Novice: 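One structure coming up, written as structure tokens, with questions to follow.
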Amino acid sequence: MYKKPRFTAQDISPYYSDLNCYEYFLACTHKFKEDYPMIQFKFTDHMRSEILADIDSLACYFKEELGLQEGDAFSLFTPNTVEEIIIFFALNKLGCIANMIHPLFPSEAMRASVEYTKSKGILILDKFISLHADTLKEMNIPVVVTTATLYAAPVVKKPFVQLDAQLMQTAEGKFAYDFFGDILKKYAGRTIEGPERSGDLTAVYMNGGGTTGVSRTIMLSGTALNAVAYNTLGEIYPNKYDPGVACKIATLPFFHAFGLCAGLLSTVYNGAKCIPMVRFEADEYIEILKKNTCFEIVGVPNMFRKLLDHPEFPGEHLKSVEYAFSGGDYVPIDFLTRFNSIMAENGSVGTLMPGYGLTECGAVDVCNLPWATKAGTVGVPLGKNRVAVFDDDKNKLPCGELGEIGITGESIMQGYLMPDGRAGEGIYVDAEGTKWVLTGDMGTMDEDNFVTFAARKKRLIIISGYNVFPADIENLLEPLDFLKETCAVQGYDDEKKPIVRLYIVLSETADEENLEEYKKIITDLCSETLTVFSIPRDIRVIDALPRTRLEKVDFLKLTEIRTEEHKT
């Protein structure tokens, strides 16, 4: 039987608001006198002391060779790797900004992000070089290349790991690069200081949906990221774990605030071992569970479905799992029941807890808790977060009335990055001077502070936890002369999985006999420019798009409503 923890977040660390993430990590873990395994990659443990030394090496490189100054940005264009963790903390230590880019972005989207954020360099895996070599040459910025085998090797073998020569062939003669392993060797034993208590500085740039569903670059400070971990640590975990023994598998991508905060920061701040996965594979995930003491599983519904469908998911390894949290999409009640039954049958007290949040607020904002849960809701505000529901005139609504969900607290963003580098719109300040992020999502809140998500007011499609922006698709297709107008909406395939459905209205000069060719042109163009999740999987011709009374496209009429059949 769960009990609400008697200790609070203050027991973990009494301060965080003026610390950057690097400083807060040190503050949270200084009490662990002995060295301990901080990160495991491909079943190889790496000690806290080793990771801190590597962070210093990269910080020296950034400062001395690239000349990075406080406020400069550097792009991370990789899946979850140890190198990404190290560079994030190294940049943070220097007061610089990590620009987190989706590793499946095509070259032009990657380039646009680098240029918009004025990044001074980029990190990339060797296996992606062939896809982006020409673009990297044109960008003419410092490139740091690493290989997936570097931290898969034990510390004694790490200095001998080299880049894959075959993978790097396309880079030869096109652009200069530094190998991550060579940087570690060159600056081994070196250290460098950064600005102290710089939590108010921007720590990351993240791509998000904007509160209106338009893709925007979100600015999150170190204080905001720390606040998410602070709320999480104090509100959720009633037990303290042996450092480096208890672990959490970080399969959620670090380029998303959910993965960065819930997968990485809250794990390492707690002294637990973080196990990053380059990509989620149920076989590998379960193998990690079997070989480690995992105290929490965190993910998106599709990940939990794949685990539950795997024949080896049940077993003794589930006994150590005390918590399971899901975000990014709706979790049906019948699925919760099925999952929780499997956990209980295998000796785990963990039950799957749905939550809610958005990148603009650190992504972990509201959650059901084992001692405070209500079926059909996404939970209660965590820690110092507050939630209110607003009408169209920004008046706060009473309990039970439907309106736009607003979130306030120390985890909210600084604003959206503007072309001149300043923090722009995205924050609403009420009459009392409180800053709110109006989420663009509709919902209610009851007298017990439980929040119920109703629908998306903003145009945003979520597939496997990834944000897809209909406007990006529609704007890309605008120049095609055989199209009069388009509308991208949420749909489902035959297996009931979410997809992008695209409705098209053909132009007067278009020939319907060429429809299959038109569909191929659309698919190819999206594949070249957008992420794989943004490619329309179902393209339908329609005579005219439905309109609202104000003559705006009524996308809700085209959006497939998720029935109980689709929820499973």
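The structure presented is a predicted model; accordingly, all values stated were derived computationally and were not measured.
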Novice: For S107 and D134, which I'm curious about, is there any donor-acceptor pair between the side chains at under 3.5 Å?
Specialist: no

Novice: Please identify each residue that fulfils salt bridge (Lys or Arg N to Asp or Glu O under 4.0 Å) with K519, with sequence neighbours left out.
Specialist: E516

Novice: Looking only at the side chains, is there a donor atom on one of S221 and T223 sitting less than 3.5 Å from an acceptor on the other?
Specialist: no

Novice: Salt-bridge test for K174 and E138: reply yes if a basic N is under 4.0 Å from a carboxylate O, no otherwise.
Specialist: no

Novice: Are the side chain of D420 and the backbone N or O of R422 linked by a donor-acceptor pair below 3.5 Å?
Specialist: yes

Novice: I'd like to know if the side chain of N475 and the backbone of D472 have a donor-acceptor N/O pair within less than 3.5 Å.
Specialist: no

Novice: Tell me yes or no: between the side chains of Y356 and D441, is some donor less than 3.5 Å from an acceptor?
Specialist: yes

Novice: Suppose we screen for salt bridge (Lys or Arg N to Asp or Glu O under 4.0 Å). Which residues come up paired with K435, at least two apart in sequence or across chains?
Specialist: none

Novice: With sequence neighbours excluded, tell me which residues meet salt bridge (Lys or Arg N to Asp or Glu O under 4.0 Å) with R386.
Specialist: none

Novice: Sub-3.5 Å donor-acceptor pair from the side chain of E425 to the main-chain atoms of G415, do we have one?
Specialist: no

Novice: Which pair of heavy atoms, one from P470 and one from I461, lies closest together, and at what distance?
Specialist: CG-CD1, 4.0 Å

Novice: Do D164 and T147 get their side chains close enough for a donor-acceptor pair, meaning under 3.5 Å?
Specialist: no

Novice: Are V387 and V366 close enough that some pair of their side-chain heavy atoms sits under 4.5 Å apart?
Specialist: yes

Novice: Compare all side-chain heavy atoms of W436 with those of I407 and state whether any distance is below 4.5 angstrom.
Specialist: no

Novice: Strictly distance-based, threshold 3.5 Å: is any side-chain N or O of N231 a donor or acceptor partner for the main-chain N or O of A227?
Specialist: yes

Novice: Applying ring-ring contact (aromatic ring centres under 6.0 Å, His included), can you list everything that pairs with F41, at least two apart in sequence or on another chain?
Specialist: none

Novice: Indicate the atoms forming the closest heavy-atom contact of V500 with F533, along with that distance.
Specialist: CG2-O, 3.5 Å

Novice: Does the pair D446/K374 count as a salt bridge with the N-to-O cut at 4.0 Å?
Specialist: yes

Novice: Got more than 12 heavy atoms from elsewhere within 6.0 Å of NZ, K118?
Specialist: yes

Novice: Would you say the side chains of Q414 and T202 form a donor-acceptor pair under 3.5 Å?
Specialist: yes

Novice: Does R338 pair with D309 as a salt bridge, N-O distance under 4.0 Å?
Specialist: yes

Novice: Taking the side chain as every heavy atom from C-beta outward, state whether L558 and L545 have any atom pair closer than 4.5 Å.
Specialist: yes

Novice: For V505 and A544, work out which heavy atoms get closest and say how close.
Specialist: CG2-CA, 4.0 Å

Novice: To the nearest 0.5 Å, tell me how far L438 CG sits from E404 CD.
Specialist: 5.0 Å

Novice: Look only at the side chain of Y518 and the backbone of D511, and say whether a donor-acceptor pair between them is shorter than 3.5 Å.
Specialist: yes

Novice: Salt bridge between K497 and D493, side-chain N to carboxylate O under 4.0 Å?
Specialist: no

Novice: Please check: side-chain N/O of S266 versus main-chain N/O of C261, any donor-acceptor pairing under 3.5 Å?
Specialist: yes

Novice: Side-chain donor-acceptor pair under 3.5 Å between E360 and Y416, yes or no?
Specialist: yes

Novice: Check the orientation of F313 and F339. Use parallel for under 30°, tilted for 30 to 60°, and perpendicular for over 60°.
Specialist: tilted

Novice: Any luck finding a side-chain donor-acceptor pair between H310 and D283 under 3.5 Å?
Specialist: yes

Novice: Of all the heavy-atom pairs spanning L397 and L402, show the shortest one and how long it is.
Specialist: CD1-O, 3.3 Å

Novice: Measuring only between side-chain heavy atoms, which start at C-beta, is M303 closer than 4.5 Å to I297?
Specialist: yes

Novice: Taking distance alone, no hydrogens or angles, what donor-acceptor pairs closer than 3.5 Å link side-chain atoms of residues 79-88 to residues at least two apart or in another chain?
Specialist:
residue	atom	partner	partner atom	Å
N80	OD1	F254	N	2.8
N80	ND2	A250	O	3.1
N80	ND2	L252	O	2.9
T81	OG1	E84	N	3.1
E83	OE2	T146	OG1	2.6

Novice: Is the shortest distance from a Lys or Arg side-chain nitrogen in D430 or K394 to a carboxylate oxygen in the other one below 4.0 Å?
Specialist: no

Novice: Side chain of N207, backbone of M100: donor and acceptor closer than 3.5 Å?
Specialist: no

Novice: Give me the atom names and distance for the closest heavy-atom approach of S119 to T117.
Specialist: OG-OG1, 2.9 Å

Novice: Would you check if the distance from the ring center of H132 to the ring center of F77 is below 6.0 Å?
Specialist: yes

Novice: Can you give me the closest heavy-atom contact between C96 and Q69, atom names plus distance?
Specialist: SG-O, 3.2 Å

Novice: Looking at residues at least two apart in the chain, or sitting in another chain, which of them share a salt bridge (Lys or Arg N to Asp or Glu O under 4.0 Å) with D392?
Specialist: K457

